[in-house]
There are 2 protein chains.
Amino acid sequence: MLSKKTKYGIKALAFIASREDKKPVQTSEIAKSENISLKFLESILLSLRKSGFLGSKKGKGGGYYLIQEPEKIKMTSVVRVLEGPIAMVPCVSLNYYEKCNDCPDEATCSVHALMIQVRDSTLNVLGGNTLSDLARVKKKVQPD
Amino acid sequence: MLSKKTKYGIKALAFIASREDKKPVQTSEIAKSENISLKFLESILLSLRKSGFLGSKKGKGGGYYLIQEPEKIKMTSVVRVLEGPIAMVPCVSLNYYEKCNDCPDEATCSVHALMIQVRDSTLNVLGGNTLSDLARVKKKVQPD
DNA sequence: TATTAACCTATAGGGTTGGTAGGTTATTAA
DNA sequence: TTAATAACCTACCAACCCTATAGGTTAATA
């Protein structure tokens with residue numbers, strides 16, 4: 001299950017990416033538009049800045065802005081920073097690997113084999129989407 | 001992240017499925033072989049029985065056995081019973097749908113669009129694997 | 001009748017999540 | 001120079017869930 005932190009973080013990034021101009025976007029504007037608790041969002045954007053996705057500017061007219069082009073930002077890296085491992089089990093995680101303390105042999109572990117397949121298919125989807133793809137969804141005009 | 005309950009439940013089912021004979025398997029045997037807390041495993045097998053995957057027999061020589069053929073049991077249904085929704089967000093769940101209270105419009109929600117793709121790819125993998133596939137992994141002979 | 005093994009209920013420690021509160025620092029505009 | 005603005009930082013907490021344990025009851029077999 002995706003945490004709210006990750007969900008809100010992705011929405012915020014998509015919000016910023018969907019802006020035509022490159023002027024900083026205030027936390028309060030995102031919070032209002034996306035119905036996110038201001039203080040909670042503050043901490044999320046802060047961590048996104050610290051992990052290199054966003055730049056920031058203080059004072060009036062300040063806010064957050066993307067450092068890279070939206071086309072360059074894969075959703076794999078966004079999810080990894082916000083949520084942590086993409087794999088559903090640490091023993092099949094590429095970036096957060098951890099051995100199970102039960103399970104003496106991964107090669108004959110049924111869960112292991114299955115979760116590798118799940119991981120790879122998820123990786124394919126997240127790796128095939130960039131922030132600009134998400135921004136496009138956000139801007140999509142509604143048919144009535 | 002997969003809960004231990006789900007992980008243990010899958011392992012236990014694979015253990016039972018990998019048996020050639022169809023005699024009941026005791027909880028204690030599975031617990032020992034798979035390094036699972038006995039009491040915890042008891043509650044898991046009980047819920048698997050109540051949801052129709054396992055039958056049980058009390059007393060000496062008793063234990064749990066599969067009700068259906070392993071080839072018939074898709075991992076989607078196993079995961080749904082043990083873990084709950086397969087989707088990473090309730091608003092894209094097929095079996096456990098729930099509307100987000102933020103997010104006025106799913107059609108233009110960036111997270112929604114992305115998570116539908118993840119869900120579908122995960123569904124493909126889990127739906128393409130049965131218990132007999134997992135049992136096969138478990139029985140696989142090790143090359144040295 | 002004793003043994004076995006499933007079945008049931010309750011409980012509790014630990015960790016995470018989502019959120020709040022209250023302030024400090026840096027930047028801009030008047 | 002000062003006021004306003006908005007990012008930044010620290011601390012905290014209530015609720016919830018996960019994992020596991022404890023201690024028994026019931027049904028089947030030998």
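Here is the naming used below: chain letters follow the sequence lines, and residue numbers restart at 1 for every chain.
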- [ ] Show the numbers, then the answer: is there a side-chain contact (heavy atoms from CB on, under 4.5 Å) between A:Thr122 and A:Met88?
- [x] CA-CA 10 Å; A:Thr122 303; A:Met88 297 187 77; over 6 Å; no
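- The side chain of A:Thr27 contributes an N or O atom lying less than 4.0 Å from OP1 or OP2 of D:dA7.
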Could you pull out all donor-acceptor pairs under 3.5 Å where a side-chain atom in residues 47-59 of chain A meets a protein atom, sequence neighbours excluded?
unit_1: A:Ser47; atom_1: OG; unit_2: A:Ile44; atom_2: O; d: 3.0
unit_1: A:Ser51; atom_1: OG; unit_2: A:Ser47; atom_2: O; d: 2.6
unit_1: A:Ser51; atom_1: OG; unit_2: A:Leu48; atom_2: O; d: 3.4

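- Per the geometry, CD belonging to B:Glu29 stands 15 Å off C1' belonging to C:dA6, to the nearest Å.
- By the side-chain hydrogen bond (donor to acceptor under 3.5 Å, both in side chains) test, A:Ser121 pairs with B:Ser121, sequence neighbours left out.
- Of the residues in residues 92-103 of chain B, none has a non-hydrogen atom less than 4.0 angstrom from any atom of DNA chain C.
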Hey, what are the protein-to-nucleotides 27-30 of chain C N/O distances that come in under 3.5 Å?
unit_1: C:dT28; atom_1: OP1; unit_2: A:Lys57; atom_2: NZ; d: 3.3

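- For A:Leu82 and C:dT17, the CG to C1' distance is 14 Å, given to the nearest whole Å.
- Judged purely by distance below 3.5 Å, without hydrogens or angles, the side chains of A:Ser93 and A:Glu98 never pair a donor atom with an acceptor atom.
- Not one side-chain nitrogen or oxygen of B:Ser28 sits closer than 4.0 Å to the OP1 or OP2 atom of C:dA5.
- At least one side-chain nitrogen or oxygen of A:Tyr64 sits closer than 4.0 Å to the OP1 or OP2 atom of D:dC8.
- Every side-chain hydrogen bond (donor to acceptor under 3.5 Å, both in side chains) that A:Lys138 has, sequence neighbours left out, goes to A:Glu34.
- Distance CG (B:Leu45) to C1' (C:dC8): 15 Å, rounded to an integer number of Å.
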TODO: Report, as a single string ordered 5' to 3', how protein heavy atoms within less than 4.0 Å touch nucleotides 10-22 of chain D: B base, S sugar-phosphate only, - not at all.
DONE: ---------SSBB
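- For B:Glu42, the side-chain hydrogen bond (donor to acceptor under 3.5 Å, both in side chains) test picks out no residue, with sequence neighbours left out.
- With sequence neighbours excluded, no residue forms a salt bridge (charged side-chain N to carboxylate O under 4.0 Å, His left out) with B:Lys99.
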Pairs of donor and acceptor atoms involving the side chains of residues 64-75 of chain A, under 3.5 Å and at least two apart or interchain, shall be tabulated with distances.
unit_1: A:Glu69; atom_1: OE2; unit_2: A:Lys22; atom_2: NZ; d: 3.3

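- Rounded to whole Å, atom C1' of C:dG15 lies 14 Å from atom CE of B:Met1.
- Following rounding to the nearest Å, B:Gln26 (CD) and C:dC7 (P) show an atom-to-atom distance of 12 Å.
- Phosphate contact (OP1/OP2 of D:dC8, side-chain N/O of A:Arg49, threshold under 4.0 Å): present.
- Residues A:Met115 and A:Met1 fall into different hydrophobic clusters, defined by Ile, Leu, Val, Met, Phe, Trp and Tyr side chains chained together at heavy-atom separations under 4.5 Å.
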Please output the side-chain donor-acceptor pairs of residues 129-137 of chain A that fall under 3.5 Å, not counting sequence neighbours, one pair per line with the distance.
unit_1: A:Asn129; atom_1: ND2; unit_2: A:Val125; atom_2: O; d: 3.0
unit_1: A:Asn129; atom_1: ND2; unit_2: B:Gln117; atom_2: OE1; d: 3.0
unit_1: A:Thr130; atom_1: OG1; unit_2: A:Ser132; atom_2: N; d: 3.3
unit_1: A:Thr130; atom_1: OG1; unit_2: A:Ser132; atom_2: OG; d: 2.9
unit_1: A:Thr130; atom_1: OG1; unit_2: A:Asp133; atom_2: OD2; d: 3.3
unit_1: A:Asp133; atom_1: OD1; unit_2: A:Arg136; atom_2: NH1; d: 3.1
unit_1: A:Asp133; atom_1: OD2; unit_2: A:Thr130; atom_2: N; d: 2.8

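- Between the C1' atom of D:dA6 and the NZ atom of A:Lys23 lies a distance of 16 Å, rounded to the nearest Å.
- Residues forming a ring pair (Phe, Tyr, Trp, His ring centres under 6.0 Å) with B:Tyr8 (at least two apart in sequence, or on another chain): B:Phe40.
- A straight line from CD1 of A:Ile16 to C1' of D:dA6 spans 14 Å, rounded to a whole angstrom.
- With rounding to whole Å, B:Leu48 atom CG is found 15 Å from C:dC7 atom C1'.
- In terms of the side-chain hydrogen bond (donor to acceptor under 3.5 Å, both in side chains) criterion, residue partners of B:Glu106 (sequence neighbours excluded) are, by chain and number, B:Tyr97.
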